[in-house]
Number of protein chains: 2
Amino acid sequence: MSTRKIVTIYDIAERLKLAPSTISRGLQDNPAVNEKTRKRIMAAAAEMGYRFNTFASNLRKQRSNMIGVIVPRLNSYFISSMLAGIEKEINSAGYDMLISQSLELEANEIKYARAMLNNRVDGLIVNLAANTRNLDHFQEYSRHNLPLVFVDRVFEDDDFNKVMINNSRAGYDITRHLIEQGCRRIVHLTGSLMRNVYQERKAGYQRALAEFQIPYDEELVLETELTEDASAAAAEKILKMKNRPDALFVSNDMSAAICMKVFKDAGLHIPQDIAVAGFNNEIISRLSDPMITTINYPGEEMGRTAARQLINLIEHKSDNDLTKSIILKSQLVVRGSTLKKPTTNL
Amino acid sequence: MSTRKIVTIYDIAERLKLAPSTISRGLQDNPAVNEKTRKRIMAAAAEMGYRFNTFASNLRKQRSNMIGVIVPRLNSYFISSMLAGIEKEINSAGYDMLISQSLELEANEIKYARAMLNNRVDGLIVNLAANTRNLDHFQEYSRHNLPLVFVDRVFEDDDFNKVMINNSRAGYDITRHLIEQGCRRIVHLTGSLMRNVYQERKAGYQRALAEFQIPYDEELVLETELTEDASAAAAEKILKMKNRPDALFVSNDMSAAICMKVFKDAGLHIPQDIAVAGFNNEIISRLSDPMITTINYPGEEMGRTAARQLINLIEHKSDNDLTKSIILKSQLVVRGSTLKKPTTNL
DNA sequence: TTGTAGGCGTTATCAC
DNA sequence: GTGATAACGCCTACAA
């Protein structure tokens, strides 16, 4: 029963003795077409197994109604929250979403940026790969006046649109909090320092140390990929340090929880023996024992904001020349994993 | 400097005094074209800011090179692992991925299934929404001979291709394990029983109870949405039960961890006062204290398998008439949260 | 309210 | 090795 031949508006037109243009109008509820005609058209279309051809339509209309999204990974708490936010906003505005994951590799990012361009996406949202060196592969978007928004992982000193939080401030807040709890030898476990988010958090960490006249010790900054294994390895390394640190500031809650587990398994008490702070306010920060002090990091909202900004640019509701950096709020959330002094009322 | 007019192969042809067809060939490294000519074409294209038009190409070639994916949510551990698997497989086979999230609503699923069809995806992978009642909205795919693969959440008694695990067996294994640990009053906290995955796990639970002559008590089955709040509420409810249960089997590790936290906060000891088992083998199951007994559930591999199966169907490397259900292995992983008897060597 | 006609950018076919 | 031409399916002036 499956109709081999692809059914087009011409076939429907022929069957109903109407013009193709009438069919086209009828199918998209154009009010110019007679109600009865419209119903006949719909019925015939359904019966004949007609499928609207988005390509032909897009080709003709010169736009795709698709928004491209390039992220480093799909399976991360932060990224998936962000994607959920992007998707909601995009879909309610009538767009579809084309996703690629760079797997943290610049080479893939370059490849996908080009593919998205060829796919005529109406705009692009990007969260940079860990090892991306520059934004050359996005210059083409400017050239074609295609809106582009970077979210979270960005280059800070360029003219692109971006949505982010104040990572430096957050890193400072958390480090200062640790210092105020009496910690002096604070390890910082971070992701790739090529990325602003990690670089900035580290800058905030250093700023807080300096403010309290604690000498900065490079040995205490551990750069890893923040994977499950790498995090556990880092924790082991910390355990083996001659002069054991009294605090650990990790750039990610999951990683922090992994370190905490290693510490606890080694018989340490948290926060007494070592205080641990994370980042992101993931569910796990609330489930760990003790609960993890962290930075509340609005992934879904960042996604929505980036998407909304992009859509505004696409629909010319805002001006691409007025480059905007949107900085969303993040807050320090103090919990048991760092409370050495029972002073705070929590 | 931005070129207003869209540059096409005609423009390049004109500039180089060549025919459009030659340009087309040159751009795709067709060996028929002279090496020198090819280089001139490439150079001109780059210089003029030419962008390949995927629509026109797809329209002409009658295919999109895109694979559609419909999932209930993007921000869940299992889903994002699965997506990562799908993406890797799809991309290495040269396809792109179009994603929509149904937000667990059948209405959205119907809408997106149609949109994917119109977008001329070459195939579709679906993980069903919580409240989907039937698969009518996918019949059109059969009609058009478009390959379709359901993954994880499926309807078991139809003719569609599917990739899943043996949920009934897994539910049985976990329940039996709890019983063998001496538990008799076992609560089962589950997601929507309209979905096979939950229905089957429950069936396994019942089968194990029956086998050990433990009467099935409907009051002990709690159906919720397994969100953070719903899980905590369920745990509270369990705490208030007159005759407190001695075990809890949750259909999801995150949920199990949340329940455990509520129990611990109420002063209970795990597993002595109440044993807790989860599902999925998420990272959190390894980080909780005690670690959570669970079912190892290969999300990424399920994604890869579904994608591979779909691609085979698309490329006619396998026959759609030979409907296949692929059942992947899952295993019971016993950990501290259920070990009441220190007999097992763990 | 409906019809006519041309074009969106690419590729396949056939010719040279 | 290169060129001419006709689709692919839809949309939109403009005309009737």
Side-chain angles (χ1 to χ4, degrees), chain A residues 3-42 44-45 48-66 114-115 117-122 144, chain B residues 3-42 44-45 48-66 114-115 117-122 144:
Chain A
T3 340
R4 268 295 124 225
K5 166 107 177 55
I6 287 170
V7 180
T8 75
I9 54 174
Y10 283 89
D11 302 316
I12 303 179
E14 195 174 1
R15 160 91 85 94
L16 299 181
K17 305 288 174 224
L18 285 170
S21 48
T22 306
I23 309 299
S24 172
R25 287 189 275 255
L27 287 171
Q28 38 202 315
D29 295 337
N30 185 321
V33 58
N34 184 308
E35 181 56 18
K36 265 187 194 156
T37 322
R38 199 184 64 78
K39 282 199 175 139
R40 284 176 62 218
I41 293 174
M42 288 303 191
M48 298 170 73
Y50 167 78
R51 275 202 285 168
F52 178 80
N53 188 322
T54 312
F55 296 152
S57 172
N58 287 348
L59 174 59
R60 176 60 229 246
K61 292 196 298 194
Q62 301 271 38
R63 66 196 310 263
S64 68
N65 248 61
M66 271 197 313
R114 168 155 295 278
L117 205 69
N118 291 343
N119 274 319
R120 291 297 198 274
V121 293
D122 293 334
H144 293 287
Chain B
T3 339
R4 269 291 126 229
K5 166 106 177 55
I6 287 169
V7 180
T8 75
I9 54 174
Y10 280 91
D11 302 315
I12 303 179
E14 195 173 1
R15 159 91 85 94
L16 299 181
K17 305 288 175 221
L18 285 170
S21 43
T22 305
I23 309 300
S24 172
R25 286 189 277 254
L27 288 171
Q28 39 203 310
D29 294 336
N30 184 321
V33 57
N34 185 308
E35 182 55 19
K36 266 188 195 155
T37 323
R38 198 183 66 76
K39 283 199 175 139
R40 284 177 62 218
I41 293 174
M42 288 304 191
M48 300 171 72
Y50 167 78
R51 275 202 286 168
F52 178 80
N53 189 322
T54 312
F55 295 152
S57 172
N58 287 347
L59 174 59
R60 180 60 231 244
K61 293 197 297 195
Q62 301 273 39
R63 66 196 310 265
S64 69
N65 248 59
M66 272 199 311
R114 167 155 295 279
L117 205 68
N118 291 343
N119 274 318
R120 291 296 198 276
V121 293
D122 293 335
H144 293 288

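Throughout, protein chains are lettered first and strands after them, A, B, ... in sequence-line order, and every chain is numbered starting at 1. What you see is a predicted model; the values in this text were computed from it and never measured.
Taking every heavy atom of both residues into account, B:A19 and B:A13 meet most closely at C-CB, 3.9 Å. Taking each heavy atom of A:Y50 and A:V7 in turn, the nearest pair found is CD1-O, 3.3 Å. Annotation for B:V33 and B:G26: closest pair CG1-CA, 3.9 Å, computed over non-hydrogen atoms.
The CD1 atom of B:I41 sits 14 Å away from the C1' atom of C:dT10 (whole-angstrom rounding). In this entry the distance linking CG of B:L59 with P of C:dG9 reads 12 Å, nearest Å. Spacing between atom CG of A:N53 and atom P of C:dC8 amounts to 18 Å, rounded to whole angstrom units. Nucleotide C:dC8 holds its C1' atom 12 Å from the CD1 atom of B:I9, rounded to whole Å. Distance B:R60 CZ to D:dC10 C1': 16 Å, rounded to the nearest Å. Separating the CD atom of B:E35 from the P atom of D:dG1 is a distance of 11 Å, rounded to the nearest angstrom. The NZ atom of A:K61 sits 15 Å away from the P atom of C:dG9 (whole-angstrom rounding). Computed from coordinates, the B:D11 CG to C:dC8 P distance equals 10 Å when rounded to whole Å.
A donor-acceptor contact closer than 3.5 angstrom is absent between the side chains of A:R51 and A:N53.
When the side-chain nitrogen and oxygen atoms of B:S24 are compared with OP1 and OP2 of C:dT10, none of them lie within a distance under 4.0 Å. The side chain of B:S21 places no N or O atom within less than 4.0 Å of a non-bridging phosphate oxygen (OP1 or OP2) of D:dG3. Distances shorter than 4.0 Å separate some side-chain N or O of A:Y50 from OP1 or OP2 on D:dC10. Considering only side-chain N and O atoms, A:Q62 lies nowhere under 4.0 angstrom from the phosphate OP1 or OP2 of C:dG7. Residue A:S57 places none of its side-chain N or O atoms closer than 4.0 Å to OP1 or OP2 of D:dG9.
Over its length, the helix from C:dT1-D:dA16 to C:dC16-D:dG1 turns its helix axis by 30°, as judged from the five terminal pairs at each end, rounded to 10°.
Nearest nucleotide to the side chain of B:N34, out of D:dG9, C:dG3, D:dT2: D:dT2. Listed nucleotides: C:dT2, C:dT10, D:dG9. Nearest to the side chain of A:T37: C:dT2. Picking from C:dG3, D:dT12, C:dG9 the nucleotide with the shortest atom distance to the side chain of A:R25 gives C:dG3.
In the displayed structure, A:Q28 atom CD is contacted under 6.0 Å by more than 12 heavy atoms of other residues, nucleotides or ligands. The 12-atom threshold is exceeded at CZ of A:R63, counting heavy atoms of other residues, nucleotides or ligands nearer than 6.0 Å.
Expressed to the nearest 0.5 Å, how far CZ of A:R25 lies from CG of A:L18 amounts to 10.5 Å. Rounding to the nearest 0.5 angstrom, the gap separating the OG atom in A:S64 from the CG atom in A:N119 is 8.0 Å.
Nucleic acid contact for A:F52: sugar-phosphate only, since backbone atoms but no base atoms lie under 4.0 Å from a heavy atom of the residue. At the heavy-atom level, B:K17 lies under 4.0 Å from the strands shown only through sugar-phosphate atoms.
Each of B:T8 and A:Y10 was matched to the nucleotide of DNA chain C holding its nearest heavy atom; the match closer to the 5' end belongs to A:Y10. Nearest-nucleotide mapping onto DNA chain D: of B:A56 and B:A32, the residue sitting toward the 5' end is B:A32.
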